[in-house]
Amino acid sequence: MSILFKGRSQGAHSSKIGMFQRINMFFVSHVRQALGSLGELWRAPLASMMTIGVLGLSITLPSTFYILVKNAESIAENWQQASEITLFLRKDTQSKDASQLVTRLGLWSEIDSVTYIPAAEGLIEFQQQSGLGEALSYLDENPLPDVILVRPTSQNTAPTAAKLLLDKLNRERHVEVGKLDIKWLERLHGFLSIAKELIYAVALLLFLAVVLIIGNTIRLNILSRRDEILVMKLVGATDAFIHRPFMYTGMWYGLLGGLMAWFAVLLLLWWMGGSIDALTAQYAKNFDLTGLDVTSLIVMLGLSIFLGLAGSMISVHKHVRSIEPK
Amino acid sequence: MIKFEQVSKTYPGGQQALRKVSFHIEPGEMAFLTGHSGAGKSTLLKLISIMERPTVGQVFINGHNLNKIHRRQIAFIRRDIGMIFQSHQLLMEKTVFDNVALPLVIEGYSRKETTKRVHAALEMVGLRDKIRSLPIMLSGGEAQRVGIARAVVNKPPLLLADEPTGNLDPKLSMEIIRLFEDFNQAGVSVFIATHDLGLIARMKYRSLTLKQGQMITDGLSEDWDSSESKAYDF
């Protein structure tokens with residue numbers, strides 16, 4: 001309604017049309033402005049492509065690293081589940097005591113399964129694998145102790161839990177020493193968490209750069225359409241109405257940049273695919289590179305649209321306001 | 001319709017554009033604002049369309065004090081005022097239709113209603129055949145009339161014109177003034193700033209004269225012969 005003239009109706013009110021039509025017109029006007037902004041990008045393809053390229057590549061880099069680290073983590077999880085504790089029994093342990101120990105350990109709630117390798121079996125295996133076959137037969141007695149392989153349940157495979165279990169096992173009377181090779185696991189976890197934090201930091205910086213680049217692009221856009229904004233303000237356009245095309249431009253930059261990043265990540269991973277397969281085949285039997293599903297596509301697009309909108313919003317609020325008819 | 005009460009305007013830097021200006025233009029009235037360049041005509045119009053705010057004093061439109069209008073409401077105030085400029089302020093890369101339709105698009109009219117009103121407005125200014133042209137293809141007089149069509153397309157109760165005949169020859173100027181008379185007869189209040197004294201002298205309209213920011217005459221242009229010499233006596 002008009003502020004100055006009570007009787008005078010404004011806009012869609014005056015055409016005697018209903019609520020539905022008015023809401024409809026709101027969306028029609030949005031769609032019109034959104035398509036208009038897309039058209040603007042299309043009319044200056046080179047400049048648009050460059051901005052989209054910057055946005056796309058800035059998102060590609062952290063995304064690729066993120067996917068690689070996420071996959072490394074999932075491999076590491078597989079390793080953890082395979083972690084075993086090796087118990088070397090005292091030399092004087094009778095085989096009766098050993099088998100009792102095996103039965104007892106099998107009942108522990110922390111333990112998934114127990115494998116008993118008597119000293120004699122161990123020696124045969126060692127003979128076969130080491131290639132020292134003949135030399136070993138000259139020994140007076142079997143130098144190997146009885147060995148029990150303990151596989152913890154999945155809840156007890158994490159480094160700290162496994163260590164607690166190891167301490168508990170070490171207190172068993174017949175156990176000479178227990179070995180759990182978790183040092184390297186701890187190192188791997190440490191490395192992965194540093195890599196992750198580094199990626200977050202790099203991503204944050206790159207995203208900030210994207211917001212600034214979009215903001216600056218929109219600023220130039222606004223300045224080049226200064227006259228048009230002046231005229232629109234003169235004939236009664238609200239700030240929101242003037243903002244909208246620029247916000248849509250930012251949104252399009254975000255959407256297209258996100259799509260580009262998605263394809264770039266696909267391409268990179270495909271390119272690296274051969275060497276990744278060769279590496280992972282050594283550690284995990286059936287390993288598939290994850291992270292290229294629909295969810296991550298939506299996350300990437302959502303993120304880049306958000307960055308585009310953020311950049312244009314900052315620019316629009318700062319610069320459209322400063323253009324006032326004089 | 002428009003009422004000024006002891007309005008003064010000093011620009012940053014100390015230039016005093018208006019000094020204690022008071023007048024009242026009735027609803028449905030057509031009036032001229034005259035004076036030399038730099039006398040404060042443009043400033044006075046800018047105070048009405050809230051492009052500037054008065055330093056001292058109050059401006060009323062239809063009884064509403066413009067000092068109480070918030071920045072966010074200015075856009076809605078401007079929708080009630082049809083504004084016409086000497087430099088016509090058309091969008092050069094848009095067609096005549098798009099230019100005239102702009103106020104309607106901003107207010108959210110439907111496509112059908114917009115087309116209808118734009119056609120009617122261009123009909124009134126006699127440019128129906130130029131609807132698909134770009135402003136660059138138009139003559140000065142035609143561009144000015146497109147500007148007028150845009151100003152009246154949403155039927156505002158008040159028309160403001162700042163030197164609307166500034167670049168036109170006397171014959172075209174007269175045609176433009178006749179257009180304003182038509183709108184005035186339809187009930188629109190019209191307020192025109194011009195330094196074209198010859199144009200006003202032939203008509204019997206109220207005219208307000210500014211000199212160095214002060215209102216020095218306010219009366220019918222008939223009585224001008226006596227006051228004109230005073231007004232432009234330096």
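Lettering of chains follows the sequences in order, A, B, ..., and the numbering in each one begins at 1.
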Flag if over 12 foreign heavy atoms under 6.0 Å of CZ, A:Phe191
no
List the steps and the verdict of side chain to side chain contact (heavy atoms under 4.5 Å, CB included) for A:Arg32 and B:Val105.
CA-CA 10 Å; A:Arg32 216 186 268 163; B:Val105 172; 4.0 Å; yes
Please name the pair of heavy atoms, one in B:Gln89 and one in A:Val231, separated by the smallest distance, quoted to 0.1 Å.
O-CG2, 3.4 Å
B:Phe97 atom CZ: more than 12 heavy-atom contacts under 6.0 Å
yes
In Å and rounded to the nearest 0.5 Å, what is the OG1 to CZ distance from A:Thr238 to B:Arg72?
10.0 Å
Which atoms of B:Met83 are under 4.5 Å from chain A, going by heavy atoms: the side chain, the backbone, both sets, or neither?
side chain
Quick check on B:Phe180: does its CZ atom have over 12 non-hydrogen neighbours (other residues, nucleotides or ligands) under 6.0 Å away?
yes
In residues 130-148 of chain B, which residues are in contact with chain A at a heavy-atom separation under 4.5 Å?
none
If you count heavy atoms of other groups shown closer than 6.0 angstrom to CZ of A:Phe241, is the number above 12?
yes
Taking every non-hydrogen pair under 4.5 Å, which of B:Pro157, B:Pro103, B:Gly82 racks up the most with chain A?
B:Pro157
Between the side chains of A:Glu324 and B:Arg71, is the shortest nitrogen-to-carboxylate-oxygen separation below 4.0 Å, so that they form an ion pair?
yes
Identify the heavy atoms of B:Ile61 and A:Leu4 that sit nearest to each other, and give their distance.
CG2-CD1, 3.8 Å
So which heavy atom on A:Val235 is nearest to which on B:Arg79, and how close?
O-CG, 4.2 Å
Side chain, backbone, both or neither: which part of A:Ser29 has a heavy atom under 4.5 Å from chain B?
neither
Region of B:Arg150 that comes under 4.5 Å of a non-hydrogen atom in chain A
side chain
Non-hydrogen atoms of chain A under 4.5 Å away: do they reach the side chain of B:Glu52, the backbone, both or neither?
side chain
Of all heavy-atom pairs linking A:Ala237 and B:Ala75, the shortest is O-CB, 3.5 Å
Okay, B:Ile74 and chain A: the region with an atom under 4.5 Å from a heavy atom over there is neither
More than 12 heavy atoms of other groups within 6.0 Å of B:Arg53 CZ:
yes
May I have the step-by-step check of side chain to side chain contact (heavy atoms under 4.5 Å, CB included) for A:Met232 and B:Leu102, ending in yes or no?
CA-CA 8 Å; A:Met232 289 194 348; B:Leu102 186 62; 3.9 Å; yes
Please name the pair of heavy atoms, one in A:Gly236 and one in B:Ile106, separated by the smallest distance, quoted to 0.1 Å.
O-CG2, 3.5 Å
Nearest 0.5 Å please: distance from the CD atom of A:Glu228 over to the CD atom of B:Glu93.
5.5 Å
Quick check: closest heavy atoms across B:Arg78 and A:Lys233, and the distance to 0.1 Å?
NH1-O, 3.1 Å
